[in-house]
Amino acid sequence: MNCKKSKIRIRMNALPRKFYVNDTKQVAKDLLGKKLVRKIGGRILSGVIVETEAYKGRNDPASHAARKKTERNKIMFGEAGHAYVYFTYGMHYCFNVVAKKESDKSGAVLIRAIQPQQGIQLMIKNRKTDVIANLTNGPGKLAQAMQITLKQYNLDLTSSKSLFILDGKKPTKIIAKPRVGIKEGTDKLWNFSINNHL
DNA sequence: TCGCAGATTGCCT
DNA sequence: GGCAATCTGCGAA
């Protein structure tokens with residue numbers, strides 16, 4: 001890759017495939033502070049990622065990919081950098097990014113929360129609430145605000161123009177906690193967040 | 001302010 | 001048939 005000095009940067013580039021080909025926990029931490037961007041019909045929605053969770057495959061009972069490859073979770077076994085969207089509790093979508101080392105068979109990072117930056121008005125409309133702090137502080141809320149559905153299933157985040165992630169400021173402090181909403185594997189501190197000093 | 005239960009659909013056993 | 005990587009509203013204190 002020759003990254004010569006580009007005077008005019010018309011569009012910032014999305015994070016490269018290489019970023020996602022790494023240990024799932026590491027990518028989960030690296031994603032904090034990065035900027036999630038969604039383009040819908042010329043409008044831009046964006047926010048800084050402030051909370052993530054790592055889900056591996058084998059040896060992680062809480063992961064969808066813990067047992068075996070199925071129609072739904074096959075994306076977690078696929079190429080890193082793709083979007084894994086799933087529908088749960090009969091009414092919510094959750095947005096994940098496939099991230100794993102070459103040697104790993106499966107793994108993904110759940111994006112749990114972002115801090116809204118652009119397109120807040122549209123998010124308010126999508127979420128039907130005007131409480132900013134409540135727009136994207138959960139996986140289901142985030143997907144609703146960003147209009148992420150099964151249409152984004154298996155989307156390649158490194159080449160898509162409607163959904164991608166940009167580089168951002170590296171957080172100074174990362175907090176590790178047990179993952180939320182699961183029954184098994186709660187001993188692992190694979191929930192990562194940064195203090196968004198609100 | 002906190003805690004609990006209902007909503008609601010598709011996937012897995 | 002049972003339950004899920006959740007959110008919201010309502011009731012009690």
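In the set B:dT9, C:dC7, C:dA5, C:dA5 carries the atom at the smallest distance from any side-chain atom of A:Ile182. Listed nucleotides C:dA5, B:dT13, B:dA7 differ in distance to A:Asn96; the shortest reach to its side chain belongs to C:dA5. The side chain of A:Leu110 lies closest to C:dA5 when the candidates are C:dA5, C:dT8, C:dT6. Closest contact between the side chain of A:Met91 and the listed nucleotides C:dA5, B:dT13, B:dA7 involves B:dA7. Of all nucleotides listed (B:dT13, B:dT8, C:dA5), B:dT13 comes nearest to the side chain of A:Lys68. Listed nucleotides: C:dT6, B:dT13, B:dG10. Nearest to the side chain of A:Phe87: B:dG10. The listed nucleotides are B:dT13, B:dC11, C:dC7; the one nearest the side chain of A:Arg72 is B:dC11.
In this structure, C:dA5 makes no Watson-Crick or G-U wobble pair, since no nucleotide meets both defining distances under 3.5 angstrom. Across all strands shown, B:dT8 forms no Watson-Crick or G-U wobble pair with both distances under 3.5 Å.
Taking 4.0 angstrom as the limit, A:Arg127 places none of its side-chain polar atoms (N or O) nearer than this to OP1 or OP2 of C:dC7. Not one side-chain nitrogen or oxygen of A:Thr88 sits closer than 4.0 Å to the OP1 or OP2 atom of C:dT6. Dashed line: the shortest gap from a side-chain N or O of A:Lys141 to OP1 or OP2 of C:dT8 is under 4.0 Å.
A:Arg179 and A:Glu53 are not joined by a salt bridge, as no carboxylate oxygen comes within less than 4.0 angstrom of a charged side-chain nitrogen. For the pair A:Arg17 and A:Asp156, the salt-bridge criterion is met [side-chain N within less than 4.0 Å of a carboxylate O].
Donor-acceptor pairing under 3.5 Å, judged by distance alone, is present between the side chain of A:Tyr86 and the base of C:dA5.
One interatomic measurement links the two molecules: NZ of A:Lys183 to P of C:dA5, which rounds to 9 Å at whole-angstrom precision.
Note: A:Tyr93 and A:Phe87 have tilted aromatic rings, judged against thresholds of 30 and 60 degrees for the angle between ring planes.
Between A:Leu150 and A:His92, it is A:His92 whose nearest contact on DNA chain B lies nearer the 5' terminus.
Rounded to whole Å, the P atom of C:dA5 lies 23 Å from the corresponding atom of B:dG3.
Of all heavy-atom pairs between A:Lys177 and A:Ser193, the closest is CE-OG, 4.2 Å.
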